[in-house]
2 protein chains.
Amino acid sequence: MSVGDIHVPADCRRVGEILQRIGDKWTVLVVVTLGSGPMRFNELRRAIGSISQRMLTLTLRGLERDGLVTRTVFPTVPPRVDYELTELGRDLLGPVAALGDWARRHGERIDAARRDFDGRCGGST
Amino acid sequence: MSVGDIHVPADCRRVGEILQRIGDKWTVLVVVTLGSGPMRFNELRRAIGSISQRMLTLTLRGLERDGLVTRTVFPTVPPRVDYELTELGRDLLGPVAALGDWARRHGERIDAARRDFDGRCGGST
DNA sequence: CCGTATCCAATCAGATACTG
DNA sequence: CAGTATCTGATTGGATACGG
């Protein structure tokens, strides 16, 4: 498909929805972190570093709800819970990596454009 | 690059930032709509349909700031302002299309997973 | 260890009214 | 036509404390 063919309104809505869904503060970070294999709750938490317990829980619940990760509880003591990407979740890694690639390639250019724009506008204040 | 190699924390942050940036309610919709060529303000507005004037303005400003669209004012009366994707913006269409493709392929599956999850949980309410 | 509940500040987005 | 300004409700996300 050529990039010129993708503007069917209904489809764009769908894309917008998905992007809003995975575009929250933590979802992608969690998904790509889980990309390296199953992980326990706190393991995941430490890997991400700055996420609060609440947000990690909420994010994981959302991902589970959407069928992107599985949650496995081991009835041991202390309790252990593993999270793992489903096939659907792993499948998402591809497109996300593409976007990540774009971000890495052009991140600096965006920063420059921002500095430029802000310089032209808020410069006199 | 294989999908297993993309979890360098710093890079993931970057991806997360970009995704939050373009993951707001309207940005992607505007970008893909502009994908078919330059458009005037109200033309864009009608094409999207449900967006408010305020949000379209804010979204376009953001995109302009990031160097993803250009804004061209024709000093005519009535005034005419054209918006057009920059090369950077057009370059973004590719990854976004990939994500859109994923969304279209798996949207139904996600809906099903949601119904299933909600049925298992909120079923008794 | 793995969550849930509550409170709270910040941001977002819609509606409306007004301007060049 | 193409914005800007202001007000308001909704949503988000962090901190903290507590429960299984």
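In what follows, every chain begins at residue 1, and chains take the letters A, B, ... in the order their sequences are listed. Since the structure is predicted, the reported quantities are computational estimates derived from the model, not experimental observations.
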Legend entry - Residue pair Arg61(A) / Leu58(A), side-chain heavy-atom distance below 4.5 Å: no
Within this structure, what is the [atom1]-to-[atom2] distance between [X] and [N], rounded to whole angstrom?
X        : N       : atom1 : atom2 : value
Asn42(B) : dG3(D)  : CG    : C1'   : 10 Å
Arg21(A) : dT11(D) : CZ    : C1'   : 15 Å
Gln20(A) : dT11(C) : CD    : P     : 19 Å
Arg80(B) : dG3(D)  : CZ    : P     : 13 Å
Phe41(B) : dG20(C) : CZ    : C1'   : 15 Å
Trp26(B) : dA13(C) : CH2   : P     : 9 Å
Arg46(B) : dA2(D)  : CZ    : C1'   : 12 Å
Gln53(B) : dG14(C) : CD    : P     : 13 Å

Inset, instruction - Take Pro79(B) and Asp24(B), find for each the nucleotide of DNA chain C with the closest heavy atom, and name the residue whose nucleotide sits nearer the 5' end. - result: Asp24(B)
In Å, rounded to the nearest 0.5 Å, how long is the span from [atom1] of [X] to [atom2] of [Y]?
X        : Y         : atom1 : atom2 : result
Met39(A) : Thr33(A)  : CE    : OG1   : 6.5 Å
Ile51(A) : Thr59(A)  : CD1   : OG1   : 4.5 Å
Leu99(B) : Arg104(B) : CG    : CZ    : 10.5 Å
Leu68(A) : Arg109(B) : CG    : CZ    : 9.5 Å
Leu29(A) : Ile48(A)  : CG    : CD1   : 5.0 Å
Glu84(B) : Thr72(B)  : CD    : OG1   : 7.0 Å

Legend entry - Below 4.0 Å: OP1/OP2 of dG3(C) and any side-chain N or O of Tyr83(A): yes
Inset, instruction - Check whether any side-chain nitrogen or oxygen of Lys25(A) sits under 4.0 Å from OP1 or OP2 of dG14(D), and answer yes or no. - result: yes
Legend entry - Axis-to-axis angle between the two ends of the helix from dC1(C)-dG20(D) to dG20(C)-dC1(D) (five base pairs per end, rounded to 10 degrees): 40°
Inset, instruction - For Val73(B) and for Ser52(A), locate the closest nucleotide of DNA chain D by heavy-atom distance; then report the residue assigned to the nucleotide nearer the 5' terminus. - result: Val73(B)
Legend entry - Any pair counted as salt bridge (Lys or Arg N to Asp or Glu O under 4.0 Å), so long as it reaches residues 18-47 of chain B, sequence neighbours left out: Arg21(B)-Asp66(B)
Inset, instruction - Mind running a 4.0 Å heavy-atom check of residues 54-72 of chain A against DNA chain D and sending the residues that fall below it, in number order? - result: Arg54(A), Met55(A)
Inset, instruction - Could you tell me whether Phe74(B) contacts a base, only the sugar-phosphate backbone, or nothing, with contacts defined as non-hydrogen atoms closer than 4.0 Å? - result: nothing
Legend entry - Basic-acidic side-chain contact under 4.0 Å: Arg105(A), Asp101(A): yes
